[in-house]
Amino acid sequence: MIPVLLNLKGNLEMGVLGRVAVECHNTLANTKLCGAPDINPILKRNAVFLLAQTTIASGMVGIMSVVVGSVVVHGKFIGWREGILVLTVPMVTCVVSAVLNYGLIVSLILLIVKHSTGEDGERIDPDNIVTPLAAALADFTAIGCLFLAAILLDNHVVLSIVCFLICILTMLVALNQLEDTEETNNLFTNSWFPLCGGLMISMIAGIVLERFDKSHPALHVLLPVQNGVVGGVVSVAACRMISERKAKARRSEFVTLTGSVLLIMAVYFISTWALKLIKLHALPALMLAALIQTILMLFTCGPVVRYAMYFEWDLITFSLPILTSISDALGGLVLIGSLLSSRS
């Protein structure tokens with residue numbers, strides 16, 4: 001449940017919050033105003049959109065967990081009490097963490113777009129920090145909420161049923177509050193394709209990586225950090241392309257983002273070596289893996305954004321889930337390659 005839940009939640013929140021950052025920045029940049037009336041409709045529309053998608057997606061994860069737990073793990077259908085718990089926990093986790101993350105990130109976005117200016121007097125674009133922070137915060141709050149929900153709802157059937165009904169009610173209210181426009185309907189409908197596509201990519205990569213877990217335990221330490229850093233950088237690059245309506249990164253951005261990844265990963269790899277989690281002779285291969293993943297993903301941003309432009313889909317909703325899922329799968333492959341080469 002956890003990998004699937006984190007993949008869906010991260011992509012949902014990163015996509016919605018990335019769109020909020022772009023829309024708020026563009027609105028204030030175009031109007032040169034800081035009044036709340038210009039931003040409130042954007043915040044309300046995206047909050048309702050996030051709640052509707054989150055409740056539906058988490059319900060899908062709960063149903064899938066019940067089916068997989070019954071058929072694959074136990075070989076028979078689990079009891080109805082356990083089924084209610086497995087169905088309710090992901091929904092409560094996603095709804096609570098989505099509300100927390102949205103409130104925190106939106107507050108940061110408003111602080112940036114309203115009260116910060118660059119040297120030329122223009123407002124600073126919040127894309128640089130919003131998308132990677134949203135991805136990291138989504139994982140952190142999801143795991144915390146999942147842990148608390150599992151503890152509080154375990155052996156409390158009535159409370160689980162009440163929480164499940166509250167989540168269903170939240171979904172119905174959010175769906176009812178969605179703007180009945182062609183743009184919103186297309187956005188809500190088309191967003192499921194990249195989400196499910198990203199989920200399938202992550203599932204296939206997980207099956208491949210499972211074969212190397214026991215022989216390469218360092219993957220558990222290295223992979224989440226490297227994928228998080230590269231995924232955040234790729235999200236920043238994609239949001240910049242989208243906000244500027246261009247299909248490739250500038251050379252200066254390419255060099256800056258790649259250098260940032262290498263610097264962060266060098267510090268992390270050296271730290272893991274100091275803690276005796278990896279061998280010293282593996283450092284060059286690991287740095288090369290991080291470099292390869294970053295370069296390939298920055299080159300991948302352009303085709304994915306162009307593809308979304310060609311079909312006139314919402315650029316953020318389509319691009320970010322696909323890019324982060326590809327980055328996660330690629331990160332696992334290049335890390336496995338680096339660990340195998342350092343052993344030989």
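Numbering of residues begins at 1 and proceeds along the displayed sequence. Note that these values count all heavy atoms, side chains included, but never hydrogens, waters or copies made by symmetry.
With values rounded to the nearest 0.5 angstrom, M265 atom CE is found 8.0 Å from T272 atom OG1. Atom CG of L288 and atom CG of L283 lie 12.5 Å apart (nearest 0.5 Å). Taking SG from C301 and CD1 from I326, the interatomic distance works out to 9.5 Å, rounded to the nearest 0.5 Å. Note that OG1 of T88 and NE2 of H156 are 13.5 Å apart. Values are rounded to the nearest 0.5 Å. Once rounded to the nearest 0.5 Å, the distance linking SG of C94 with CG of L50 reads 10.0 Å. Atom CG of D328 is separated from atom CG of N227 by 4.5 Å, given to the nearest 0.5 angstrom.
V96 and L152 are assigned to two separate hydrophobic clusters, defined by single-linkage of ILVMFWY side chains at heavy-atom distances under 4.5 Å. Note on L263: it does not cluster hydrophobically with M287, by side-chain heavy-atom contacts below 4.5 Å among ILVMFWY residues. V89 and L159 fall within the same hydrophobic cluster, defined by Ile, Leu, Val, Met, Phe, Trp and Tyr side-chain heavy atoms under 4.5 Å apart, directly or through other members. Both Y307 and F299 are part of a single hydrophobic cluster, where members link through side-chain heavy atoms under 4.5 Å apart. A continuous path of ILVMFWY side-chain contacts below 4.5 Å connects I264 to L275, so both sit in one hydrophobic cluster.
Between L175 and I56 there is a side-chain heavy-atom pair separated by less than 4.5 Å. Using a 4.5 Å heavy-atom threshold, the side chains of V92 and F164 count as separate. Between I295 and F254, the closest side-chain pair of non-hydrogen atoms falls below 4.5 Å. Side-chain contact between L43 and Y102 is present, with heavy atoms from C-beta onward closer than 4.5 Å. No side-chain heavy atom of L108 sits less than 4.5 Å from a side-chain heavy atom of L104. Taking the side chain as every heavy atom from C-beta outward, L222 and F269 approach each other to under 4.5 Å.
Nearest heavy-atom pair, S338 versus L286, reported as atom, atom and distance to 0.1 Å: OG-CD2, 3.4 Å. Nearest heavy atom pair, residue Q293 against residue Q226, reads OE1-NE2, 2.7 Å. Of all heavy-atom pairs spanning T55 and M91, the tightest one is O-CE, 3.9 Å. Nearest heavy-atom pair across L280 and P284 is O-CD, 4.0 Å. Residues L146 and T93 share a closest heavy-atom pair of CA-OG1, 3.3 Å. Summarising the geometry of V48 relative to A174, their closest heavy-atom pair is CG1-O, 3.1 Å, with the distance given to 0.1 Å.
Screening I161, L85, I84, L148 for a side chain to side chain contact (heavy atoms under 4.5 Å, CB included) involving L153 leaves a single residue, L85. Among I168, N176, T170, the one residue that satisfies the side chain to side chain contact (heavy atoms under 4.5 Å, CB included) test with L172 is I168.
With hydrogens and angles ignored, the 3.5 Å screen pairs no side-chain donor or acceptor of T258 with any backbone N or O of V255. Although no hydrogens or angles enter the test, the distance criterion places a donor-acceptor pair under 3.5 Å between the side chain of N101 and the main chain of S97. A donor-acceptor distance shorter than 3.5 angstrom exists from the side chain of T300 to the backbone of L296, with no hydrogens or angles considered.
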